[in-house]
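Before any comments, here is the structure.
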Amino acid sequence: MASTEQLRGTDLIDCARANFSKGLEVAASRCGYGEDLETFEQALKQACDYIGVELHSFEDLNKGQPRAQQEAGIEIAPDTPTQL
């Protein structure tokens, strides 16, 4: 759901991170910046600077995020369709 006003601070960072996988345009829109991508990125950088996080671009939000981990385990299956 898109914000009706431009988000700031940690709210902006949280919204941008939550929408990162959908891309810059969608994240900007949902954070209340519509199609103004430049202002969105500038506000995001300012919000990150305020909390002491270095951010050069929107793509930097993905750095340091844990990748989906595949659960460890083994597969148990019959050798052939007729043998259990």
Side-chain angles (χ1 to χ4, degrees):
M1 178 176 209
S3 176
T4 56
E5 59 184 55
Q6 293 180 342
L7 298 177
R8 300 266 184 229
T10 56
D11 290 335
L12 173 59
I13 296 168
D14 290 343
C15 181
R17 288 182 71 192
N19 291 288
F20 178 82
S21 64
K22 301 203 181 0
L24 176 63
E25 293 81 9
V26 172
S29 177
R30 290 189 178 170
C31 293
Y33 290 82
E35 295 179 5
D36 191 356
L37 303 180
E38 187 176 322
T39 302
F40 169 68
E41 282 200 292
Q42 184 178 21
L44 188 56
K45 286 177 189 176
Q46 288 175 348
C48 287
D49 284 345
Y50 182 75
I51 64 168
V53 174
E54 189 174 332
L55 183 83
H56 298 286
S57 71
F58 177 74
E59 297 300 319
D60 290 345
L61 286 177
N62 197 37
K63 291 183 181 174
Q65 294 296 317
R67 299 195 186 271
Q69 295 180 355
Q70 185 176 8
E71 291 187 32
I74 60 171
E75 182 177 323
I76 299 175
D79 293 333
T80 66
T82 59
Q83 243 185 357
L84 289 178

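Of the possible donor and acceptor atoms, none in the side chain of Asn19 sits under 3.5 Å from a partner among the backbone N and O of Lys22. Looking only at distances, no side-chain donor or acceptor of Lys45 sits under 3.5 Å from a matching main-chain atom of Ser57. A donor-acceptor contact shorter than 3.5 Å links the side chain of Tyr33 to the backbone of Leu7. No donor-acceptor pair closer than 3.5 Å links the side chain of Glu54 to the backbone N or O of Asp49.
Across every non-hydrogen atom of Leu55 and Leu61, the tightest pair is CD1-N, 3.9 Å. Counting all heavy atoms, side chain and backbone alike, Ala27 lies closest to Ala16 at CB-O, 4.4 Å. Annotation for Ala47 and Gly9: closest pair CB-O, 3.6 Å, computed over non-hydrogen atoms. Nearest approach of Gln6 to Gly32, heavy atoms of both residues: CG-O, 3.2 Å.
Using a 4.5 Å cut-off on side-chain heavy atoms (C-beta onward), Glu59 and Phe20 make contact. Using a 4.5 Å heavy-atom threshold, the side chains of Tyr50 and Thr10 count as separate. For the pair Phe58 and Leu37, the minimum side-chain heavy-atom distance is 4.5 Å or more. The shortest distance between side-chain heavy atoms of Glu41 and Leu24 falls below 4.5 Å.
Distance check: Ser21 OG to Asn62 CG gives 9.0 Å after rounding to the nearest 0.5 Å. Taking SG of Cys48 as the start and CG of Leu12 as the end, the distance is 7.5 Å to the nearest 0.5 Å.
Cluster annotation: Phe40 and Val26 are assigned to distinct hydrophobic clusters (Ile/Leu/Val/Met/Phe/Trp/Tyr, side-chain heavy-atom contacts under 4.5 Å, transitive).
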